[in-house]
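Shown next, in structure tokens, is the structure this report addresses.
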Protein chains: 2
Amino acid sequence: MENSFQDDDSLRSEEASQEWSDGQSAALDPTVRFIEQMGIHAQGDGVPRIAGRIMGYFIVYGGPVSFAQLAQELQVSRASVSTNVRTLTDLGMIDKVARPGDRQDYYQLANNPYLRMIETYLLRMRAMQDLLQKADDTIPANMHSTHSRLAQMRHFFETAVQSNEQLIKDLEQ
Amino acid sequence: MENSFQDDDSLRSEEASQEWSDGQSAALDPTVRFIEQMGIHAQGDGVPRIAGRIMGYFIVYGGPVSFAQLAQELQVSRASVSTNVRTLTDLGMIDKVARPGDRQDYYQLANNPYLRMIETYLLRMRAMQDLLQKADDTIPANMHSTHSRLAQMRHFFETAVQSNEQLIKDLEQ
DNA sequence: CACTTCGTTCAGTTAAGATTGAACAAACTA
DNA sequence: TAGTTTGTTCAATCTTAACTGAACGAAGTG
């Protein structure tokens, strides 16, 4: 059960400090706090909380980290680890890595974890552009002000897409 | 009940075309289709579907449009119109406009509807920056690789924030 | 004044996702 | 072969947020 393969910072931490009403205790450990906050923030972004916590875990412990370890450390079911880890790999935020002679799956933080997120964001904007294009094509031509507003929005997304494409280039160095 | 005050494109449309399994009919009207798709897309962005539909409605019929008209045309409760219209005004995407001698509330598309959305987006990124800063401050200094990953993420958000601030400037002309 | 219209608020319902346990298949081990 | 371990899938549960109807206050109108 011990994972001997991990980069420098080795702490785990079960430390408790703050008392809760139900008698349980919450960790004041800054790493744990950070991981939980990543979960909250992710939720606000429409991403499952557990996916956010997993990301937080990887930022703290870069990996490679085993599937089972994630489930145990974050106290979530293997089913959740399975789905959320897939989500994150699909997003390109973490990578699956093989460990010779070990049947378990290991994962680690991707190279530029948030870069792919922008690409996903770009996809959404392009979908919106399609939507606007289609509307422009199908809505009667005599609805002039409607077409003018559609054009304005298209211009917005055009600009935004270009800006984010440039951002990606900048971040790729 | 008639709204005499509306810009050029005056169509409403109750037209139905496509048959559904339950015997009801869906509108093929391109404007209705567009409005519904805006609802779907909004949902995907974590915004309530009705807010998206309202936005769609305003893109099609720039406004001013009355509160009651929104409820009727989009077939939603006045309660929903109330909350979603507030959300959209808070986001700066639509504006409330007064009509002398008319007690009803009217709304119309804001000037640069999506610009404020980017500002909201910026707020989220700044919150993330705070989160990272706080983690950097509290996590033990000897966790070197953790701090290095935190620094990498901070750099990302720094760059992203700058890029989006520039985008806002560009869009403001 | 009584009566209507308009928009907000709030408690309750509904709908949508996230999370889980259990069943399962694949790949090992003995 | 039977028995483990590992990750996935699926149905059921739990949680969260959206949406609604009804009650309400404010602001008309008659």
Side-chain angles (χ1 to χ4, degrees), chain A residues 1-3 5 35-36 38-57 63-91 94-108, chain B residues 1-3 5 22 35-36 38-57 63-91 94-107:
Chain A
M1 255 300 143
E2 262 304 322
N3 176 16
F5 176 44
I35 290 170
E36 295 309 319
M38 285 291 291
I40 306 280
H41 186 93
Q43 223 169 5
D45 275 355
V47 177
R49 179 200 281 235
I50 292 185
R53 298 212 295 145
I54 291 178
M55 271 307 289
Y57 190 85
V65 175
S66 75
F67 185 101
Q69 194 175 352
L70 284 174
Q72 202 203 326
E73 299 285 334
L74 298 177
Q75 294 282 9
V76 296
S77 67
R78 288 181 302 151
S80 276
V81 172
S82 179
T83 59
N84 284 289
V85 145
R86 175 166 50 225
T87 301
L88 290 173
T89 49
D90 288 351
L91 285 173
I94 63 177
D95 296 324
K96 186 190 270 198
V97 294
R99 290 248 279 144
D102 194 334
R103 193 145 63 84
Q104 276 189 86
D105 290 351
Y106 284 80
Y107 295 89
Q108 67 183 14
Chain B
M1 249 303 144
E2 262 304 322
N3 176 19
F5 174 45
D22 59 2
I35 289 169
E36 295 309 318
M38 285 290 291
I40 308 280
H41 186 93
Q43 223 169 5
D45 275 354
V47 177
R49 179 200 282 234
I50 292 185
R53 297 213 295 145
I54 291 178
M55 271 308 289
Y57 191 84
V65 174
S66 75
F67 185 101
Q69 196 174 351
L70 285 173
Q72 201 203 326
E73 299 286 335
L74 300 177
Q75 293 283 7
V76 296
S77 66
R78 288 180 299 152
S80 276
V81 172
S82 179
T83 58
N84 284 288
V85 146
R86 176 169 45 230
T87 301
L88 290 173
T89 49
D90 287 352
L91 285 173
I94 63 178
D95 295 325
K96 186 191 272 197
V97 294
R99 288 250 279 145
D102 194 333
R103 193 144 65 83
Q104 277 190 85
D105 290 353
Y106 286 80
Y107 296 89

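A quick note: this is a predicted structure, and the numbers were derived from the prediction, not measured. Residue numbering restarts at 1 for every chain, and letters A, B, ... go by the order of the sequence lines.
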Nucleotide [N], atom [atom2] - distance to [atom1] of [X] in whole Å:
X	N	atom1	atom2	answer
A:I50	C:dG17	CD1	C1'	12 Å
B:D105	C:dT8	CG	C1'	11 Å
A:L70	C:dT19	CG	P	14 Å
A:N84	C:dT20	CG	P	9 Å
B:Q75	D:dT20	CD	P	10 Å
B:Y107	C:dC6	OH	P	14 Å
A:Q69	D:dT6	CD	P	13 Å
A:I40	C:dA18	CD1	P	15 Å

Derivation of the side-chain contact (heavy atoms from CB on, under 4.5 Å) call for B:Y107 and B:S66: CA-CA 6 Å; B:Y107 296 89; B:S66 75; over 6 Å; no
Stepwise side-chain contact (heavy atoms from CB on, under 4.5 Å) check, A:I35 with A:L74: CA-CA 9 Å; A:I35 290 170; A:L74 298 177; 4.0 Å; yes
Any donor-acceptor pair under 3.5 Å from B:D102 side chain to B:Q104 backbone: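 The answer is yes, because a donor-acceptor pair under 3.5 Å joins these two groups.
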Identified salt bridge (charged side-chain N to carboxylate O under 4.0 Å, His left out) partner of A:D105 from the options A:K96, A:R99, A:R86, A:R78: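 With A:D105 as partner, A:K96, A:R99, A:R86, A:R78 yield a single salt bridge (charged side-chain N to carboxylate O under 4.0 Å, His left out), made by A:K96.
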Verdict with reasoning, A:I40 to A:R49, per side-chain contact (heavy atoms from CB on, under 4.5 Å): CA-CA 6 Å; A:I40 306 280; A:R49 179 200 281 235; 4.0 Å; yes
Report each atom pair, protein N/O against N/O of nucleotides 9-16 of chain C, whose distance is under 3.5 angstrom.
| unit_1 | atom_1 | unit_2 | atom_2 | d |
| --- | --- | --- | --- | --- |
| C:dT9 | OP2 | B:R86 | NH1 | 3.0 |
| C:dT9 | OP2 | B:R86 | NH2 | 3.1 |

Matching residue for B:R53 among B:E36, B:M38, B:Q43 - test: side-chain contact (heavy atoms from CB on, under 4.5 Å):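 Answer to the side-chain contact (heavy atoms from CB on, under 4.5 Å) test with B:R53 among B:E36, B:M38, B:Q43: B:E36.
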Interatomic spacing from OG1 in A:T89 to CG in A:D95 - rounded to 0.5 Å: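 Between atom OG1 of A:T89 and atom CG of A:D95 there are 8.5 Å.
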Short side-chain N/O contact from B:S77 to OP1 or OP2 of D:dT20, under 4.0 Å: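 So the side-chain polar atoms of B:S77 do come within 4.0 Å of the phosphate oxygens OP1 or OP2 of D:dT20, strictly under.
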Sugar-phosphate, base or nothing in reach of A:V81, heavy atoms under 4.0 Å: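 Touches nothing.
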Under-3.5 Å donor-acceptor pair between A:R103 side chain and D:dT6 base: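 By the distance-only test, no, there is no pair.
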Which nucleotide in D:dG7, C:dT19, C:dC6 has an atom nearest any side-chain atom of B:Q104: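 Nearest listed nucleotide: C:dC6.
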